[in-house]
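Since the structure comes first, as structure tokens, the remarks are kept for the end.
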Amino acid sequence: MARDVEKYIHDLLQKKGAIQMTLIDPQKTEVGECTAIAVEAEKAGTSAIMVGGSTLASNSDLDDVVRDIKEKVEVPVILFPNNVSGVSRYADAIWFMTLLNSGSSYYHFDVQALTAPLVKRLGIETLPMGYIIIGDGGAAGYIGQARGIPYDHPELALGYSLAAEILGMRFVYLEAGSGAKAPVPPKMIALVKKYLDVPLIVGGGVRSGESAKVAVKAGADIIVTGTLVEETERVRESIREIVSSIET
Ligand code: 1GP
């Protein structure tokens, strides 16, 4: 059944204050394992499953993973695309995103132009989002040819975030990169949150309830965790620790 994922997110934010989403990368994990992670994450209280990864190349692998997860979980499955291969007809929604501080026009608007007709034809709900790389951004920063914003320059993150909002994007994502040694600094989150009206997503390097809490206290609305579920056998406990640290 089609659902209004954007409304679902806003309703949850209203109710819970902040939420967590679980990122699964089909390039790193095989289908059955992806689904097992999603099922455990849902039991632990995750609000959505995001599927994607910086180096994902196989659309059929993505389809297999999204279809399998959709059969077993109730929370929405949202695509987190890295390229034209990141679209699946089985998903509930797609972060329709632009890497604002890329040095390449491909990641600003060309890949979106190549993908938009397919997204429209499939009728996938679109969630327009400005994506901003902080620091080197790991694989996302490298592939996206980002000019990462230095950790000690929050004013630059504010500028890009407000530009995204003024241009009509309905979410902003500050991304330190999957597996980042240090998450987005709280000072940067706080400055952006002070002026931004759309929901603020923060991810990269968040691996504990404590660091999730710090980010939410600073102003993050949505915390994305990925590496956490790849590295541990204890998916349910790890996600539960994050969720219970940030939701009211
Ligand atoms: C990456 O922000 C996400 O796009 C998640 O990062 O893998 O470090 O949790 P982690």
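What you are looking at is a predicted structure, and each value in this text was computed from that prediction instead of being measured. Both counts, for ligands and for their atoms, begin at 1 and track the order of listing.
- Less than 4.0 angstrom separates some heavy atom of Leu23 from each of these atoms of ligand 1: 1 (C), 3 (C), 4 (O).
- Any N or O atom pair closer than 3.5 Å counts here, and Ser178 shares at least one such pair with ligand 1.
- The side-chain heavy atoms of Ser47 and Glu247, taken from C-beta on, include a pair separated by under 4.5 Å.
- If you number the atoms of ligand 1 from 1 as listed, the ones under 4.0 Å from a heavy atom of Phe80 come out as 4 (O).
- Using a 4.0 Å heavy-atom cutoff, Gly204 is listed among the residues neighbouring ligand 1.
- Proximity of the aromatic rings of Phe80 and Tyr131 is defined here by a centroid distance below 6.0 angstrom, and this criterion is met.
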Residues Lys7, Asp11; criterion salt bridge (charged side-chain N to carboxylate O under 4.0 Å, His left out); working and verdict: CA-CA 6 Å; Lys7 182 173 183 309; Asp11 288 351; 2.8 Å; yes
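- Nearest approach of Arg147 to Tyr160, heavy atoms of both residues: NH2-OH, 3.6 Å.
- Counted by atom type alone, Gln20 and Thr225 present one or more donor-acceptor pairs between their side chains at under 3.5 Å.
- Near Gly203, the atoms of ligand 1 lying under 4.0 angstrom from a non-hydrogen atom of the residue are 2 (O).
- Listed by atom number, the atoms of ligand 1 under 4.0 Å from Thr225 heavy atoms are 9 (O).
- Distances between N or O atoms of Arg207 and those of ligand 1 include no value under 3.5 Å.
- Considering backbone and side-chain N/O of Gly179, one or more are found under 3.5 Å from N/O of ligand 1.
- Interface atoms of ligand 1 facing Gly226, defined by a heavy-atom separation under 4.0 Å, are 5 (C), 7 (O), 9 (O), 10 (P).
- The protein heavy-atom contact nearest to atom 10 (P) of ligand 1 is Thr227 OG1, 3.4 Å.
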Could you go through Asp152 and Lys187, starting from their C-alpha distance and side-chain angles, then the distance that decides it, and tell me whether this counts as salt bridge (charged side-chain N to carboxylate O under 4.0 Å, His left out)? CA-CA 9 Å; Asp152 56 352; Lys187 266 191 185 164; over 6 Å; no
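- Among all heavy-atom pairs drawn from Ile37 and Ile24, the shortest one is CG2-CD1, 3.8 Å.
- When each atom of ligand 1 is checked for a heavy atom of Glu175 under 4.0 Å away, the hits are 1 (C), 2 (O), 3 (C), 4 (O).
- Rounded to the nearest 0.5 angstrom, Ile133 CD1 and Tyr107 OH are separated by 11.0 Å.
- By the 3.5 Å distance cut-off applied to N or O atoms, Gly205 is counted among the residues near ligand 1.
- Atoms of ligand 1 found under 4.0 Å from any heavy atom of Tyr173, numbered from 1 in the order shown, are 2 (O), 3 (C), 4 (O).
- Counting all heavy atoms, side chain and backbone alike, Val5 lies closest to Glu125 at N-OE1, 2.6 Å.
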